[in-house]
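Heads up: numbering here begins at 1 and tracks the sequence. The shown structure was predicted, so the numbers you read here are calculated from the model rather than taken from an experiment.
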Amino acid sequence: MKDWFYGLDQRERMLVSVGGLLLVLLFLYTIIWEPIAGKYSGLKESVDAQKQNLAWMQQAAAQVNALRGNGGGAARGLGGRSLLAVVDQSARSGGLGGTIKRIEPDGSKGVKVWLEGVAFDPMILWLGGLSKTYRIEPSLVTLEPVGGGRVNARLTLLAPAV
């Protein structure tokens, strides 16, 4: 190979040398530079997308905190009454009084309610009212259909977080 190279004219050696150098540079560009530049570009786009997501999440968090702060304009807590009393009174005023079989405390922050033969729609409206008005949330709901749009329900309701 060396003999062949030195056997060429000086102009041909210069042309082969420049061609070889260009080939090495093209090889380095293709093997090293292009993959690095491609990864860098992809990562930069990913960072931009993540920044947009972060900005949206911060805006949404601010809205959530604002809604929590005023409770959506309606929630007022228990007003100094016990959870048991609020649940019993709201169920009776919601027309569910005849279906209540038992209400008992469940620890310091909860109450268990047993309803039998309750109409499903009014019960769901009652639960929604508890959540909206008093911020009482169901943590466990077990329903057993009994026919005619009525269910037997076992509910565990939690007091609002202070």
Side-chain angles (χ1 to χ4, degrees), residues 23-162:
L23 187 62
V24 167
L25 289 175
L26 180 66
F27 179 75
L28 290 176
Y29 175 81
T30 304
I31 299 300
I32 297 173
W33 183 257
E34 184 63 30
I36 291 173
K39 291 273 187 191
Y40 175 77
S41 175
L43 289 174
K44 188 173 180 182
E45 289 174 11
S46 176
V47 167
D48 291 340
Q50 294 300 326
K51 284 181 181 178
Q52 289 176 354
N53 283 342
L54 176 63
W56 179 85
M57 286 182 194
Q58 287 172 335
Q59 177 188 11
Q63 289 176 348
V64 167
N65 287 334
L67 290 174
R68 278 188 186 159
N70 66 12
R76 65 175 188 253
L78 300 178
R81 299 183 297 171
S82 73
L83 177 62
L84 192 78
V86 169
V87 169
D88 184 53
Q89 182 270 328
S90 68
R92 292 186 192 289
S93 67
L96 305 178
T99 62
I100 297 173
K101 293 305 171 194
R102 187 166 65 184
I103 299 178
E104 66 182 38
D106 184 36
S108 64
K109 301 224 181 236
V111 59
K112 288 185 179 181
V113 181
W114 285 262
L115 302 168
E116 289 188 9
V118 64
F120 180 78
D121 291 343
M123 181 192 68
I124 295 299
L125 291 173
W126 169 65
L127 287 173
L130 281 176
S131 177
K132 184 176 180 183
T133 305
Y134 302 105
R135 296 190 344 214
I136 297 171
E137 296 294 332
S139 69
L140 180 65
V141 176
T142 305
L143 301 174
E144 176 186 323
V146 293
R150 297 194 173 274
V151 295
N152 291 338
R154 308 293 177 263
L155 311 168
T156 301
L157 306 173
L158 297 179
V162 177

With Leu125, which residues qualify under side chain to side chain contact (heavy atoms under 4.5 Å, CB included), at least two apart?
-> none

Could you tell me the separation between the CZ atom of Arg81 and the OH atom of Tyr134, rounded to the nearest 0.5 Å?
-> 4.5 Å

Do Trp33 and Leu25 touch side chain to side chain, with heavy atoms closer than 4.5 Å?
-> no

Thr133 side-chain N/O to Leu130 backbone N/O, donor-acceptor pair under 3.5 Å | no

Nearest non-hydrogen partners of Ala119 and Pro122, listed with the distance | O-CD, 3.4 Å

Worked check of side-chain contact (heavy atoms from CB on, under 4.5 Å) between Ile136 and Val111 | CA-CA 10 Å; Ile136 297 171; Val111 59; over 6 Å; no

Of Leu84, Val87, Val141, Ile103, the residue whose pairing with Leu157 passes side-chain contact (heavy atoms from CB on, under 4.5 Å) = Val87

Closest contact, heavy atoms only, Leu83 versus Ala159 = CD2-N, 3.7 Å

Output the distance between atom CG (Asn53) and atom CG (Asp48), rounded to the nearest 0.5 Å.
-> 11.5 Å

Taking the side chain as every heavy atom from C-beta outward, state whether Leu54 and Lys51 have any atom pair closer than 4.5 Å.
-> no

Drop me the distance from Asn152's CG to Thr142's OG1, to the nearest 0.5 angstrom.
-> 11.5 Å

Heavy atoms, side chains only, cut-off 4.5 Å: are Arg154 and Glu116 in contact?
-> yes

Evaluate the side-chain proximity of Leu143 to Met123: yes if any heavy-atom separation is below 4.5 Å, no if none is.
-> yes

Closest non-hydrogen contact found for Arg150 with Gly117 is NH1-O, 2.9 Å

List for me each residue that meets side chain to side chain contact (heavy atoms under 4.5 Å, CB included) alongside Thr156, sequence neighbours excluded, and say none if there are none.
-> Asp106, Lys112, Ser139, Leu140

State whether the side chain of Ser93 and the backbone N or O of Ser90 hold a donor-acceptor pair below 3.5 Å, judged by distance alone.
-> yes

To the nearest 0.5 Å, what is the distance between CH2 (Trp114) and NZ (Lys101)?
-> 13.5 Å

With a 4.5 Å heavy-atom cut-off, do Trp126 and Leu115 have their side chains touching?
-> yes

Note: Asp88-Arg92 ion pair, threshold 4.0 Å (strictly below) = yes

What are the two closest non-hydrogen atoms of Gly110 and Leu158, and how far apart are they?
-> CA-CD2, 4.1 Å

